[in-house]
J.: 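My questions will all concern the structure given below.
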Amino acid sequence: QEYQMADQENDDYNPASELGRSGLQFYSGYIFQETVPALSGHRWRKVCQEMQTDTTLGALLFGFEHLIRQVKFTFVAADDSPKALEYRDFYEAALFQDMARTWKDTLAEISSFLPWGFAPLELVYKRRRGMNPGSQNPISKYNDGLIGWNHWPLRGQETIEKWDFTETGEVLAMHQLSPPDWKWIRIPMEKLLLFRTTLKNNNPEGKSILRNAWSSWFFRTNYQRFEGIGVERDLAGLPMFKLPAEIINAAENTPQYRVLQNYQKVVTNIRKDEQMGLLVPSDCDANGNPLYAFELVGTGSTRPVDMEAKIQRLDQRMLMSVMMDFLLLGHQKVGSFALADSKTELFITALGSFLDTICDVINRCAVPRLGDLNAFQPELLPQLHHGDVETQDLGVLGEYVSRLTSAGALVFPTEDGQLEDHLKRQASFPVSEHQDQQDKPEKKEPEKKPVAGRVPENKNKPVEKEEPEGEDDEG
């Protein structure tokens, strides 16, 4: 073995080649990365769908989705050149104004990569030929003949079956098996935007943010079921049937045994509802005691186990797995404002990293592919950026500015007025006119070629009155 290792170290290799592997466990396109068999393949998909309908987990997913939806996204030009500004305007119109689905709806579909671990969106393009493009082309608000995005439809995670990989573990394509025709569909990665929570082992299916909460969710769900059964038995009592010994000790495949099975179904399924009722034989023994008797045995009003405390503890652990346990601070009547503020800050930081992931995927895949279709200059393509998740605390900001002013670091009014405009934006106040002009790019009107026999019109020069010849100023 030492000889073979030494021989391999002396082998020549191409520095640009890839010698190692990603370490992802897959076979014939199917991924086997999960360590718990009950959470592998189709079984995990059913569990994930059920977890998303949970009260606590559904609340945190609702918070994630709608916080992401309210964040403002903008394209930033590569530089101040007219061509770069033109590209920026084109991409903003293509993404925010000219897609078949609104950007917020598309963003909601992208955010599904949080519970599932990944979200594959297909890039569908269109030729921009106005509102009447013909039967084969989608409509567009623009009629410039350029290629834009029609929409980015989500390919349901529960319909994704397997993937195509290279020898080194790079993803080549995705295979989908979806209703209503249940035919195999192969979608190459060049046609997809693949959003993932993590790129560990280059797993195309990422890792769900609900995965770490599964054990707590599993026990909490069972505890709730046990609590419901316990409450029902405490209110109604424990059903009990008294049967003759010959019925209870009956052998299988006998009439007495079938009678025993019927009474077992009755005692386990009896409920107090609109169909409650019971038929019991009135046969008695020689002493006049009934052979068949039914009664509800009381279980006592005090249970030795506090199920409510266990359920609350598991709820807290589920929220802790995604740093949203601050949602329980008011419900449990514990915690201070400072503690809630620090926990919220951690959550906002985590959410900001997911927003960075969304922008990175769009900037690396969607933006250059569309630019290549339109023969744009790659070095002048814009980049998508996201705004702040939370608004600035005006009290903290005002105190900070007041301290800087008292120390002489700030003097109002400032020379350019940008600081005042920034503070006004934080409070949603109107900004000064000069800043609005700076934010808006200058639009140059196309130069009109002069027509023969006509003098080109100068719109910027005021029209002067012609004075009659021969008259001086005094006249």
J.: Is it true that the side chains of W116 and E158 contain a donor and an acceptor less than 3.5 Å apart?
T.: no
J.: Considering residues at least two apart in sequence or located in another chain, which fulfil the side-chain contact (heavy atoms from CB on, under 4.5 Å) criterion with F96?
T.: F73, F75, E92, W103, L384
J.: List, one per line, each side-chain donor-acceptor pair under 3.5 Å for residues 29-37, sequence neighbours excluded.
T.:
unit_1	atom_1	unit_2	atom_2	d
Q33	OE1	Q25	N	3.0
Q33	NE2	N201	OD1	3.2
E34	OE1	R211	NE	3.2
E34	OE2	V36	N	3.1
E34	OE2	R211	NE	3.4
E34	OE2	R211	NH2	2.9

J.: Taking only residues two or more places apart in sequence, or in another chain, which ones meet R101 in a side chain to side chain donor-acceptor pair (under 3.5 Å)?
T.: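 Partners of R101 by the side chain to side chain donor-acceptor pair (under 3.5 Å) criterion, ordered by chain and then number, come out as E109.
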J.: Looking at residues at least two apart in the chain, or sitting in another chain, which of them share a side chain to side chain donor-acceptor pair (under 3.5 Å) with S406?
T.: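 For S406 there are no side chain to side chain donor-acceptor pair (under 3.5 Å) partners, ignoring immediate neighbours.
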J.: What residues form a side chain to side chain donor-acceptor pair (under 3.5 Å) with R155, not counting sequence neighbours?
T.: E122
J.: Salt bridge (charged side-chain N to carboxylate O under 4.0 Å, His left out) with D372: which residues, sequence neighbours excluded?
T.: none
J.: Can you pull out every ring-ring contact (aromatic ring centres under 6.0 Å, His included) where at least one residue sits in residues 37-64? Sequence neighbours excluded, please.
T.: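 For residues 37-64, and leaving out neighbouring residues, the ring-ring contact (aromatic ring centres under 6.0 Å, His included) pairs sorted by first residue read F62-H66, F64-F347.
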J.: Let's go through L57 and Q52 carefully: what are the C-alpha distance in whole Å and the side-chain angles of both, what is the deciding distance for side chain to side chain contact (heavy atoms under 4.5 Å, CB included) to 0.1 Å, and is it a yes or a no?
T.: CA-CA 6 Å; L57 298 179; Q52 294 180 51; over 6 Å; no
J.: Assess the side chains of T102 and D105: does a donor N or O sit below 3.5 Å from an acceptor N or O?
T.: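 D105 and T102 do have a side-chain donor-acceptor pair below 3.5 Å.
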J.: Only counting residues at least two apart or in another chain, list the ones meeting salt bridge (charged side-chain N to carboxylate O under 4.0 Å, His left out) with R364.
T.: none
J.: State which residues pass side-chain contact (heavy atoms from CB on, under 4.5 Å) with D79; sequence neighbours excluded, sorted by chain then number.
T.: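 Partners of D79 by the side-chain contact (heavy atoms from CB on, under 4.5 Å) criterion, ordered by chain and then number, come out as S81, A84, L380.
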J.: Going by atom types only, do Q312 and E308 share a side-chain donor-acceptor pair under 3.5 Å?
T.: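 Present: a donor and an acceptor within the cut-off.
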J.: Does E50 come within less than 4.0 Å of K46, counting only side-chain N to carboxylate O?
T.: no
J.: How are the rings of W152 and W149 set relative to one another: parallel (under 30°), tilted (30 to 60°) or perpendicular (over 60°)?
T.: perpendicular
J.: Who pairs with L199 by side-chain contact (heavy atoms from CB on, under 4.5 Å), at least two apart in sequence or on another chain?
T.: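 Applying side-chain contact (heavy atoms from CB on, under 4.5 Å) to L199 gives R196.
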J.: Determine yes or no for a side-chain-to-main-chain donor-acceptor pair under 3.5 angstrom, with Q157 supplying the side chain and F118 the backbone.
T.: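 Between the backbone of F118 and the side chain of Q157 there is a qualifying donor-acceptor contact (under 3.5 Å).
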J.: Measure from the ring center of F376 to the ring center of Y87 and say whether it is less than 6.0 Å.
T.: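 For F376 and Y87, the ring centres are under 6.0 Å apart.
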J.: Report yes or no: does K126 contribute a side-chain atom to a donor-acceptor pair with the main-chain N or O of P138 at less than 3.5 Å?
T.: no
J.: Using the rule given for side chain to side chain contact (heavy atoms under 4.5 Å, CB included), can you reason through M99 versus T106, listing the C-alpha separation, both sets of side-chain angles and the distance that settles it, and then say yes or no?
T.: CA-CA 10 Å; M99 290 213 300; T106 303; 3.8 Å; yes
J.: Show, in sequence, the C-alpha distance, side-chain angles and deciding distance for K207 and N212, and conclude whether the side chain to side chain contact (heavy atoms under 4.5 Å, CB included) test is met.
T.: CA-CA 9 Å; K207 181 182 178 182; N212 295 337; 3.3 Å; yes
J.: Can any side-chain N or O of Y91 pair as donor or acceptor with the backbone N or O of V367 at less than 3.5 Å?
T.: yes
J.: Please list, chain by chain and in numerical order, all residues satisfying salt bridge (charged side-chain N to carboxylate O under 4.0 Å, His left out) with D164, sequence neighbours excluded.
T.: R186
J.: Looking only at side chains, do S111 and E65 share a donor and an acceptor under 3.5 Å apart?
T.: no
J.: Using the side-chain contact (heavy atoms from CB on, under 4.5 Å) criterion, which residues pair with T168? Sequence neighbours excluded.
T.: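 Per chain and number, T168 pairs via side-chain contact (heavy atoms from CB on, under 4.5 Å) with E18, R21, T166, E170.
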J.: Do any N or O atoms from the side chain of S208 and from the backbone of P115 form a donor-acceptor pair under 3.5 angstrom?
T.: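 Judged by distance alone, yes, a pair lies under 3.5 Å.
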